[in-house]
Amino acid sequence: MSDPEASIIILTRNGESTLRECLEHVYAQNYTNFEVIVIDSVSTDRTLEIVSAFPVKLFNINVKDFGHGKTRNFGARLAKGKYLIYLTQDAIPLNDKWLENLIRNFKDKDVAGVYSRNIPRPDCDPFEARYISTGWGPTREVKSIRDYKNYKKLVFFSNTSSCLRKDVWDKFPFDDSLVQTEDQAWSKEVLEAGYKIVYDPDSIVIHSHNNSLEVLFKKYFDAGTAHMKIFKNRNNVYLPLIPFFVVAVIFLDLRFMLGHAYKPIEIVKWVPEAFVRHFVEAIGFWLGLHFDRLPLSLKRKFTASGRY
């Protein structure tokens with residue numbers, strides 16, 4: 001029996017609320033020449049029971065061995081396909097063309113990776129909805145180091161739903177040391193090596209989060225840490241300017257809500273929540289940018305998935 005052309009790699013931990021729907025939509029694809037590899041980090045809910053109902057290849061790791069780049073590299077080494085598809089356990093392919101619309105882009109031999117459009121869930125909060133709508137728009141993009149203006153936008157890439165050419169991954173694996181944003185570090189590296197990155201909005205997943213303030217703080221702390229390691233700068237984020245940043249982002253939220261038919265009561269309710277939320281995010285990101293100046297005890301307390 002010949003090897004599959006594509007390997008879909010899903011990392012799981014306590015994903016019972018979305019995993020069954022995710023796998024059902026994966027196995028409903030028009031394109032069927034694939035294997036599914038699930039790597040689980042000691043789930044304590046019904047995740048493994050759900051996985052057992054599908055013809056996946058299951059591998060188990062300890063929580064302490066998990067890393068966003070490290071575990072994705074492990075999945076790539078297990079994969080038999082020439083295309084590596086990364087899909088998070090809470091990302092749901094919108095239709096049966098999600099996978100074929102990723103893979104079709106590799107007709108261009110210079111393309112190293114492709115990522116999908118995200119659309120938010122119906123219960124998504126306004127900030128997350130605005131962030132997703134802005135970051136994952138309706139227009140296809142082919143990115144090349146030769147014609148960029150905004151470097152951070154150029155290297156943006158998302159392993160929420162992505163596809164990599166495995167022979168390129170062989171040369172440029174993910175950075176095991178990064179606490180997160182391994183996808184953008186990889187994109188930066190392959191672009192600088194002369195490859196192209198494609199954003200294909202016809203490959204769509206439903207994906208968003210409604211995180212607690214604690215989770216948001218830790219997520220943005222890790223994002224700041226990763227930014228510092230990847231870009232080697234503090235992103236011009238200064239502590240005295242954070243209140244101004246918070247107000248500016250709230251205005252963006254309001255403009256988005258007014259333009260998307262939110263009810264007045266929803267807008268009024270969101271404003272005080274937004275002040276707290278965006279302040280927590282900004283402080284978390286600022287601290288992450290300065291992780292190298294923090295004591296080890298604080299880094300361990302602030303991180304969501306880092307290993308210090």
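Every heavy atom of this structure was used, including side-chain atoms; hydrogens, water molecules and symmetry mates were not.
- For the 3.5 Å distance criterion, the side chains of N105 and R165 fail to qualify, holding no donor opposite an acceptor.
- A salt bridge links D292 with R234; the closest basic N to acidic carboxylate O contact falls under 4.0 Å.
- Taking the six-membered ring for Trp, W169 and Y83 have ring centres at least 6.0 Å apart.
- Aromatic ring pairs are classed by plane angle as parallel below 30°, tilted from 30° to 60° and perpendicular above 60°; the pair W286 and H290 is tilted.
- For the pair D222 and T303, the tightest heavy-atom approach, listed with the atom from each and the gap, is OD1-OG1, 2.7 Å.
- Using a 3.5 Å distance cut-off with no hydrogens or angles, the side chains of D183 and S158 do not pair a donor with an acceptor.
- A 4.5 Å side-chain heavy-atom check between I61 and I39 finds at least one atom pair inside the cut-off.
- With respect to D200, the salt bridge (charged side-chain N to carboxylate O under 4.0 Å, His left out) criterion is satisfied by exactly one of R104, R117, K97: R104.
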Do H227 and N233 pass the side-chain hydrogen bond (donor to acceptor under 3.5 Å, both in side chains) test, and can you show the C-alpha distance, the side-chain angles, and the key distance before you say yes or no? CA-CA 8 Å; H227 178 96; N233 64 60; 2.9 Å; yes

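- Checked by atom type and distance alone, the side chain of D96 never pairs as donor or acceptor with a backbone atom of N30 at under 3.5 Å.
- The backbone N or O of R13 sits less than 3.5 Å from a side-chain atom of Q89, completing a donor-acceptor pair.
- Ring geometry for F302 against F221 counts as perpendicular: the plane angle is over 60°, on a 0 to 90° scale with 30° as the lower cut.
- Ring planes of F59 and F74: perpendicular class, angle over 60° (limits at 30 and 60°).
- Within the 4.5 Å cutoff, the side chain of W98 has heavy atoms near those of the L87 side chain.
- Ring-plane geometry between W186 and F157 is classed as tilted, the angle between the planes lying from 30 to 60 degrees on a 0 to 90 degree scale.
- Classification of K269 and E266 as a salt-bridged pair fails, no side-chain N sitting under 4.0 Å from a carboxylate O.
- Side-chain contact, S162 with N159: a donor N or O sits under 3.5 Å from an acceptor N or O.
- Counting heavy atoms from C-beta on, the side chains of D125 and R277 come closer than 4.5 Å.
- By the 4.5 Å heavy-atom criterion applied to side chains, R121 and I92 are counted as neighbours.
- Under the 3.5 Å distance criterion, the side-chain polar atoms of K166 are matched with a main-chain donor or acceptor of A79.
- Using cut-offs of 30° and 60° for the angle between ring planes, the F34 and Y27 rings count as tilted.
- Counting only heavy atoms from C-beta outward, the side chains of S116 and L102 approach each other to under 4.5 Å.
- Judged purely by distance below 3.5 Å, without hydrogens or angles, the side chains of D90 and H209 pair a donor atom with an acceptor atom.
- Among all heavy-atom pairs drawn from P93 and H25, the shortest one is O-ND1, 2.8 Å.
- Looking at H278 and D253, their side chains come closer than 4.5 Å, going by heavy atoms from C-beta outward.
- With respect to K82 and D167, no salt bridge is recorded, no charged nitrogen being found less than 4.0 Å from a carboxylate O.
- The main-chain N or O of S43 is found under 3.5 Å from a side-chain atom of D40 such that the two form a donor-acceptor pair.
- For Y115 and Y86, the ring centers sit 6.0 Å or farther from each other.
- Counting heavy atoms from C-beta on, the side chains of R20 and R46 come closer than 4.5 Å.
- The environment of E273 atom CD is dense: over 12 non-hydrogen atoms of other residues, nucleotides or ligands sit within 6.0 angstrom.
- For the pair K80 and E35, the salt-bridge criterion is not met [side-chain N within less than 4.0 Å of a carboxylate O].
- Taking the six-membered ring where tryptophan is involved, the planes of F66 and H68 are perpendicular, since the angle between them exceeds 60° and thus also 30°.
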